[in-house]
Amino acid sequence: MTTTVVFADLTGSTRVFEIMGNARATETVTRLIQWIGNVCEAHEGRVVKTLGDGVLAIFNDGPSAIAAVLEMQRSHHKRLQNWPAPLRMELQIGVASGEVLQVDGDSYGDAVNVASRLSDLAGPSQIWATDSAIAQLQGSDAQHRSLGPINIRGRTEMPVVHRVDWQEEVTEFLTVPSPLVPPPRSADSSFGQIELSWLDVRSMFTAEQLPIHLGRVDEAEFVVNDPRVSRLHARLEARNGSCVLIDVSTYGTWVRFHNRIGASSEIALRREECVLHGSGEIGLGAPLSELSAPTISFNTLDGNLSLSRRTRV
């Protein structure tokens, strides 16, 4: 039987333990973990286990799991408004559907592993769900957008992943489930070139010129001279008609995509990869939410548009 797995993780708990001390921080985290479990159970889920500052739960269907994680994010967001900024622990959540094996009260299987990895990859206050979980939402008003195929460590195939929006506002940038329509192979299936900008440095790379490296040393094709940037920090590849960003750094890479009404939430990559589409920013060695983060602006163009521009010149 297909089961939907939810892995919900609190971010920033290390900082909270440093500020509050072990006793008070442990009490706070424990209460939050218990509350997460209660939300899961209220939506007919079962808590399999807690892992430090995370909860693993299983649901019989995708809609119940999505309803639970939406309530988590919305309620927790309201709670955090009354907390001092340094003590705020946001939720990052992964959701995956598939066959799950129950052994001695624990759960095993590909869906469990994928949900855990999506929780790691999702940024603070984000919900990432596999296409198999989203496909069950026909008739639901849950909002989501495709992030394209995402590499999951240990898997040969890249699942199509969606970011589920929990904000009350509805925007045209987000999509709602529709009758079974095959998902796009990637977010940018005819990638032609990418423009990168950092401070006064601007470079254009075609698909034929990739792979290239972003990094601190001259060996990198696009150099960002900042101590937080690794020597060779990230790699850009052209793969199956898409532009793929791969983090190979010490401190991580962050990505933020633009939409029609502004910027979306950040995606955190740590030795992982994602498909770049449209335009946005890449943060090297620090989250984009930090104003001083070394930030590269990017803009991708498809092959047909690239060709038409060259023809007009």
Side-chain angles (χ1 to χ4, degrees), residues 1-11 13 29-30 32-73 76 91-123 126-140 142 144 146-164 166 177 180 182-183 185 267-274:
M1 182 179 69
T2 299
T3 301
T4 299
V5 180
V6 167
F7 197 96
D9 191 37
L10 290 168
T11 67
S13 60
V29 170
T30 299
L32 287 174
I33 293 300
Q34 291 174 342
W35 170 77
I36 292 171
N38 291 338
V39 174
C40 291
E41 291 171 355
H43 290 272
E44 301 183 348
R46 179 173 71 85
V47 175
V48 177
K49 58 185 173 181
T50 59
L51 304 167
D53 51 7
V55 173
L56 171 63
I58 59 174
F59 296 77
N60 290 332
D61 58 80
S64 296
I66 295 298
V69 297
L70 287 173
E71 180 180 334
M72 286 181 208
Q73 289 289 22
H76 191 57
L91 278 171
Q92 51 190 67
I93 301 172
V95 183
S97 292
E99 296 294 328
V100 174
L101 180 64
Q102 309 286 334
V103 179
D104 296 330
D106 207 344
S107 298
Y108 303 89
D110 185 58
V112 176
N113 298 330
V114 171
S116 176
R117 292 303 302 141
L118 291 183
S119 174
D120 291 338
L121 293 171
Q126 289 195 43
I127 303 166
W128 282 21
T130 58
D131 199 54
S132 57
I134 294 297
Q136 302 176 50
L137 298 180
Q138 296 183 56
S140 167
H144 60 85
S146 175
L147 298 176
I150 300 290
N151 181 62
I152 302 294
R153 187 187 309 146
R155 296 181 98 252
T156 55
E157 295 183 2
M158 295 193 299
V160 173
V161 175
H162 298 250
R163 193 190 73 206
V164 180
W166 51 268
L180 291 177
R185 182 162 52 90
I267 298 170
L269 303 176
R270 291 176 177 83
R271 301 288 172 153
E272 302 290 345
E273 63 185 52
C274 75

remark   = Rounded to the nearest 0.5 Å, the CG atom of D110 sits from the OG1 atom of T130 at a distance of 9.5 Å
key: Beyond-backbone contact of T4 with V95, side-chain heavy atoms, under 4.5 angstrom   = yes
request  = Working to the nearest 0.5 Å, report the span between CE of M158 and CD of E273.
outcome  = 5.5 Å
inquiry  = Applying salt bridge (charged side-chain N to carboxylate O under 4.0 Å, His left out) as the test, list every pair that has at least one member in residues 55-66; sequence neighbours left out.
reply    = none
task = Indicate the atoms forming the closest heavy-atom contact of I36 with A8, along with that distance.
result = CG2-CB, 4.1 Å
request  = Report yes if the side chains of I134 and V164 come closer than 4.5 Å at any heavy-atom pair, otherwise no.
outcome  = yes
remark   = Nearest heavy-atom approach of V100 to S107 is CG1-CB, 3.6 Å
query = Considering all heavy atoms of both residues, which atom of C40 and which atom of A57 are nearest to each other, and what is their separation?
reply = SG-CB, 3.7 Å
ask   = Is any side-chain heavy atom of V69 closer than 4.5 Å to a side-chain heavy atom of L91?
value = no
I'd like a table of donor-acceptor pairs (distance under 3.5 Å, sequence neighbours excluded) in which one partner is a side-chain atom from residues 42-50, with atom names and distances.
unit_1, atom_1, unit_2, atom_2, d
H43, NE2, E71, OE1, 2.6
R46, NH2, Q102, OE1, 2.8
K49, NZ, D106, OD1, 3.4
K49, NZ, D106, OD2, 3.2

key: Over all atoms of both residues, closest heavy-atom pair of F7 and A115   = CB-O, 3.8 Å
note = Taken in chain and number order and not counting sequence neighbours, the residues that satisfy side-chain hydrogen bond (donor to acceptor under 3.5 Å, both in side chains) with Q136 are S97
task = List the steps, then state whether side chain to side chain contact (heavy atoms under 4.5 Å, CB included) holds for H76 with L10.
result = CA-CA 11 Å; H76 191 57; L10 290 168; 4.3 Å; yes
inquiry  = Quick check: do L137 and I66 have side-chain heavy atoms less than 4.5 Å from each other?
reply    = yes
task = Compute whether any side-chain donor of one residue and acceptor of the other, for S13 and D53, lie under 3.5 angstrom apart.
result = yes
key: Value rounded to 0.5 Å, distance of NE2 in H144 from CH2 in W128   = 15.5 Å
ask   = So do the side chains of W166 and M72 get within less than 4.5 Å of each other, counting heavy atoms only?
value = no
remark   = Here the gap from N60 atom CG to T3 atom OG1, rounded to the nearest 0.5 Å, amounts to 6.5 Å
ask   = Any side-chain heavy atom of I127 sitting closer than 4.5 Å to one from L70?
value = yes
key: S116 OG to D9 CG distance, which is reported to the nearest 0.5 Å   = 8.5 Å
query = Taking all non-hydrogen atoms of both residues, which atom of A111 and which atom of A96 are closest, and how far apart?
reply = O-CB, 3.5 Å
ask   = Could you state the interatomic distance from CG (D120) to OG1 (T11), rounded to the nearest 0.5 Å?
value = 12.0 Å
Test item: Q92 side-chain N/O and Q126 main-chain N/O as donor-acceptor pair under 3.5 Å = no
